[in-house]
Number of protein chains: 2
Amino acid sequence: MTLTDQEIARASTMQPISEIAKKLQINEDDLRPYGKYIAKLPLRLIDSEKMKGKKLILVTAITPTVAGEGKTTASIGLCEGLNKIGVKTAVVLREPSLGPVFGMKGGAAGGGYSQVLPMESINLHFTGDFAAVEKSHNLLAALLDNHIHQGNSLNIDPRKIVWKRVMDMNERALRDIVIGLGGHAQGVPRESGFDITAASEVMAALCLANDLVDLKDKLGNIIVAYTHDNQPVYARELKAQGAMTALLKHTIMPNLVQTIEGNAAIIHGGPFANIAQGSNSIIATKMGLSLADYVVTEAGFASDLGGEKFLDLKCQYGGLKPDLAVIVATIRALKSHAGIPFEKLKEANTDAVRKGLENLEKHIENIKHFMLCPVVAINKFATDSEEEINVVMQRCEELGVKVALSEGWEKGGEGCIDLAKTVQEVAESGKSNFTPLYNFEWPIEQKIETVARKIYGAADVEYSLKAKQQIKLFNKIGLDKVPICIAKTQYSLSDDPKLINRPIGFTIKIRAFDIAAGAGFIIPIAGNIMRMPGLPSKPAAENIDIDAEGNITGLF
Amino acid sequence: MTLTDQEIARASTMQPISEIAKKLQINEDDLRPYGKYIAKLPLRLIDSEKMKGKKLILVTAITPTVAGEGKTTASIGLCEGLNKIGVKTAVVLREPSLGPVFGMKGGAAGGGYSQVLPMESINLHFTGDFAAVEKSHNLLAALLDNHIHQGNSLNIDPRKIVWKRVMDMNERALRDIVIGLGGHAQGVPRESGFDITAASEVMAALCLANDLVDLKDKLGNIIVAYTHDNQPVYARELKAQGAMTALLKHTIMPNLVQTIEGNAAIIHGGPFANIAQGSNSIIATKMGLSLADYVVTEAGFASDLGGEKFLDLKCQYGGLKPDLAVIVATIRALKSHAGIPFEKLKEANTDAVRKGLENLEKHIENIKHFMLCPVVAINKFATDSEEEINVVMQRCEELGVKVALSEGWEKGGEGCIDLAKTVQEVAESGKSNFTPLYNFEWPIEQKIETVARKIYGAADVEYSLKAKQQIKLFNKIGLDKVPICIAKTQYSLSDDPKLINRPIGFTIKIRAFDIAAGAGFIIPIAGNIMRMPGLPSKPAAENIDIDAEGNITGLF
């Protein structure tokens, strides 16, 4: 009988977090503990001298199915594997959102024998970082509506407010709301809404900040609204940034936990991978590089979304230089790119795998565009046939790309030793020479077109009238010299979720831009993006329970 | 120059929380630390054997002014004073809400030299308890709206939903909102709103629960809505209580911190004192009684609100037996009850003090109604004249009521030694014989009228037609054998905030009832109550800042 993630997690013996810290040469006194198995790490442990010569491994994926292809599990497994072969490695991850925990997808602490612990705490609240980001974000919203109610001396046009509220919950009913009703004592009625907390610009800013002062600057630079004469209104004009940053005093510190095999895991921040950068904080990544020899980290969705943003946006802002990228592929997803329907994905079908390889090949090319060596990791499922796996292995060999199985889910680190050896070999080869795709100084259109053509494989980029006007505005107000963070579907390399596998000849349509002036990027919007998910007809929350001893069940 | 609360707090040397725990005979291994100076305490430390013979001191107050009369500061000062005279005492308090911290009133960690530490952490997030209550509450709301969106098999009438959402923020604009707009994919449009988190029934239930299983039962019994044929719909019908309780796994554990003088402070829960019970959790109070010889605890507003609810509702539910009640009075508030306007309160005026004593006398009578000995504590301000103080002292002597100065704000424990000795003398005298005012089994009207006549001094109680119909409903569905928690203004003994001092001959008008079927009480509403405050024209948040080292300023 297969054990659930939670059963495996509970059967694992955890070490006190001070023991995990010791492995990284951290004194117990430097820890800010949250219970016995979680601690926050002070920023003074980041040391640019110690970061030199360390290896940074990005884990990305092929274009995913709805279930996700197991990047987090593969990252944790790879960390275990590397430690098993004697490479001192930390895995650096994002924090889970409560939305999927109570909705459909479940937690985000890995799976099977490749998990981070304590999984219940990590999935539920953790150290309160999401709650703090939420409060910081919503304080700004409260100050903004209060400012208008109290006389609106900044001349804000209530119809041009772009700052919504956030809640870490799948909350369909809060997407579009009208607030300030009930008479003049209740403020000014206007349309608004809630996004999920992962979509907050405060989260994006936290994950790009170097320290508290930098974070405060970023939060002060958030554009919340426009005046009646179309001038941007910044959070600093509401004197919000001090209190917003005070709320994040502890949140800026990365969280240290452990893997099932007792290796170090640093978990910090959780920005969306469509409208934000989709990976853990710069601070966490640098912390990992300061404390371990190898850092394995993941970025949301595939190489065209989280991958590209990690490499262009986060690495350039953070001065990070990754050494290679692991591309996680599943036989299941390859077949689905060949058009095989969900219910038939478990049947062996080498032709379908072969056809779906076009998608993998594109992601391999994408990694090479950044002058990085790719390593393909096949996240093995019990239903995969040997022939199907061989198809992928052979193609990779033909392409001269290293490939290995990732069996961390079933076997933990033992199942990732081949992958770990491959990764080590490639990382030590020094063949990668990371180069971002674009320079922040380039014109906005050039940045967008570079990503669209090189990474998505688009034939062309089209801008709506509104988008064109916005570009003019950005050029005028100095918002053109920042990275772009294209929001588009994760289910296709294009902006149309129906175009699976490796579409060609398509046009990317930029219908508008969102702004994250505080975090430091602009968001070209290609297609519909969802900033607030909804619950399914059978929410996972219904199965979650807790007993008299505090044992939580039903989390996965 | 007078130091700010924050300067005093920062100048204080804190002991590691394990040292504070040691004083209570708690092993370090039993602590769940949150940094070096805060820890959660496991429920297994509650021991009914150890509670026997311990003294429970309620700190209440006269009818307050807008500024509050310093109950928290007096409670902390009394704890310091008792420890100074050799009585092993813990102070047990509520957790601060972020609403007042960012609004007008400031934090709730005491003041001057009577504070609990670390004050910044306690005031901002603390151990995440409010955030967890908020998430638990809002999960139920999300499940409810999702249920209706997904087909509404429970036949809920969307116009009869009584479960709103909560946010720990002064959020005027969210009081009255319309949700579910944007077309049928966004759910069912309906009117709703947000209350502040302290007003959540989840908070009330947490603070009345004995353990996780009891809490889960209470949460399952929350009434969220009514069907089209007016049947109540419970949270358990949405299968919400398991996940809601799982979110509160750590929140149910009380928080241990320290006072400036290194004594134990237990801080847990923060329900409103108008629509809920207004004092810390039963668990926290019992924890204090298990670990210390004396427990000093406060309840919100005056003896007619938090005081009465502490004694009738919380003590009966928790099987607690207080030994005396300290009534905090200020010269300032006494003068204000004589009608002296705010700007003249600093001028010496013995006649006004004498007139205002009518209010104090009523609160003394109220405590005696519970067969408790009152002790009057004069919370001394620099502007109080000796003559004014003597007026209060003399009257108390005439009434045979013990009285002492409370100078904890200025002098810490040293300023509360007289008060401590007085409290000890009265507590050890055994003259109190605590008896609640009413029995839960009494008819609803009898319970209301008893409180209104005996405690408020009302001549009569009037019920609206709606209230009368609701009483019939409660009798029918078995919601009549629960305590009442009357919601009314804190600025008057009556339900009219303009009737200061000791009004007589007035009628209490019950216009309707709210229900807290999960927490286990009903709420007769007398007058307007505010469940969601707003920010003032100059929010305190504007002055809060943080520097590169993480030092927070502007908190008070």
Side-chain angles (χ1 to χ4, degrees), chain A residues 32-36 98 102 120 124-125 128 131-132 135 138-139 142-143 145-146 149-151 167-182 186-188 211-213 216 239-240 242-243 245-247 249-250 534-535 537 539 541-548 550 552 554, chain B residues 32-36 98 102 120 124-125 128 131-132 135 138-139 142-143 145-146 149-151 167-182 186-188 211-213 216 239-240 242-243 245-247 249-250 534-535 537 539 541-548 550 552 554:
Chain A
R32 183 183 161 83
Y34 285 72
K36 289 193 178 28
L98 285 171
F102 293 134
E120 284 98 344
L124 298 173
H125 293 311
K135 209 54 74 181
N138 291 338
L139 173 61
L143 290 171
D145 273 302
N146 186 58
H149 174 76
Q150 302 283 359
M167 188 185 286
D168 189 27
M169 190 75 76
N170 285 1
E171 257 292 21
R172 178 187 298 108
L174 296 183
R175 281 178 194 152
D176 292 293
I177 66 177
V178 172
I179 64 172
L181 297 171
Q186 262 65 271
V188 179
D211 52 40
L212 281 170
V213 171
K216 189 162 67 175
K239 303 191 184 75
T245 311
L247 281 167
K249 173 178 173 170
H250 297 129
L535 287 168
S537 57
E542 291 183 0
N543 300 318
I544 297 175
D545 203 359
I546 184 166
D547 68 15
I552 295 171
Chain B
R32 183 182 160 84
Y34 286 72
K36 291 193 176 30
L98 285 171
F102 294 134
E120 283 99 344
L124 299 173
H125 291 311
K135 207 57 70 183
N138 290 338
L139 172 61
L143 291 170
D145 273 302
N146 186 59
H149 174 77
Q150 303 282 358
M167 190 186 284
D168 189 27
M169 189 76 76
N170 284 1
E171 258 291 22
R172 180 187 297 109
L174 296 183
R175 280 176 195 153
D176 293 294
I177 66 177
V178 172
I179 64 172
L181 298 172
Q186 264 64 269
V188 178
D211 53 39
L212 280 171
V213 171
K216 189 162 67 177
K239 302 190 184 77
T245 311
L247 280 167
K249 171 178 175 171
H250 297 128
L535 287 168
S537 58
E542 293 183 0
N543 300 317
I544 297 175
D545 203 359
I546 185 166
D547 68 13
I552 294 171

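Only this structure's heavy atoms are used, side chains among them; waters, hydrogens and symmetry mates stay out. Residue numbers begin at 1 in each chain, while the letters A, B, ... track the order of the sequences.
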| Option in A:L212, A:I179, A:L124 with maximal non-hydrogen atom pairs under 4.5 Å from chain B | A:I179
| query | Can you say whether B:A246 sits under 4.5 Å from chain A via the side chain, the backbone, both, or neither, judging by heavy atoms? | reply | both
| request: Please flag which part of A:D211 lies under 4.5 Å from any non-hydrogen atom of chain B: side chain, backbone, both or neither. | output: neither
| Nearest-0.5 Å distance that lies between atom CG in B:N543 and atom NZ in A:K239 | 8.5 Å
| message | Is A:A132 close to chain B through its backbone or its side chain, or both, or neither, when contacts mean heavy atoms under 4.5 Å? | response | both
| Where on A:P539 is there a heavy atom nearer than 4.5 Å to chain B: the side chain, the backbone, both, or neither? | side chain
| query | With respect to chain B, which residue among A:N170, A:I546, A:D168, A:L143 yields the maximal number of heavy-atom pairs within a distance under 4.5 Å? | reply | A:I546
| request: Specify which of A:R175, A:R172, A:Q186 makes the most heavy-atom pairs with chain B at under 4.5 Å. | output: A:R172
| remark: In terms of heavy-atom pairs under 4.5 Å with chain B, the winner among A:L139, A:V213, A:D547 is A:L139
| task | For chain A, find which of B:A142, B:G128, B:A131, B:G182 contributes the most heavy-atom pairs closer than 4.5 angstrom. | result | B:A142
| task | Tell me, out of B:L98, B:L181, B:D545, B:L174, who's got the most heavy-atom pairs with chain A below 4.5 Å. | result | B:L181
| query | A:G554, A:G187, A:G180, A:G151: which one forms the most heavy-atom pairs within less than 4.5 Å of chain B? | reply | A:G180
| task | Answer with side chain, backbone, both or neither: which region of B:I552 has an atom nearer than 4.5 Å to a non-hydrogen atom of chain A? | result | side chain
| query | Counting N and O atoms only, with roles assigned by atom type, does the side chain of A:Q150 sit under 3.5 Å from a partner on the main chain of B:L535, one being a donor and the other an acceptor? | reply | yes
| note | Highest number of heavy-atom pairs under 4.5 Å with chain B among A:K135, A:K36, A:K216, A:M167 belongs to A:K135
| To the nearest 0.5 Å, how far apart are NE2 in B:H125 and NE2 in A:H250? | 9.5 Å
| remark: dist B:L247:CG -> A:F102:CZ (nearest 0.5 Å) comes out at 3.5 Å
| B:N138 versus chain A, heavy atoms under 4.5 Å apart: side chain, backbone, both or neither? | both
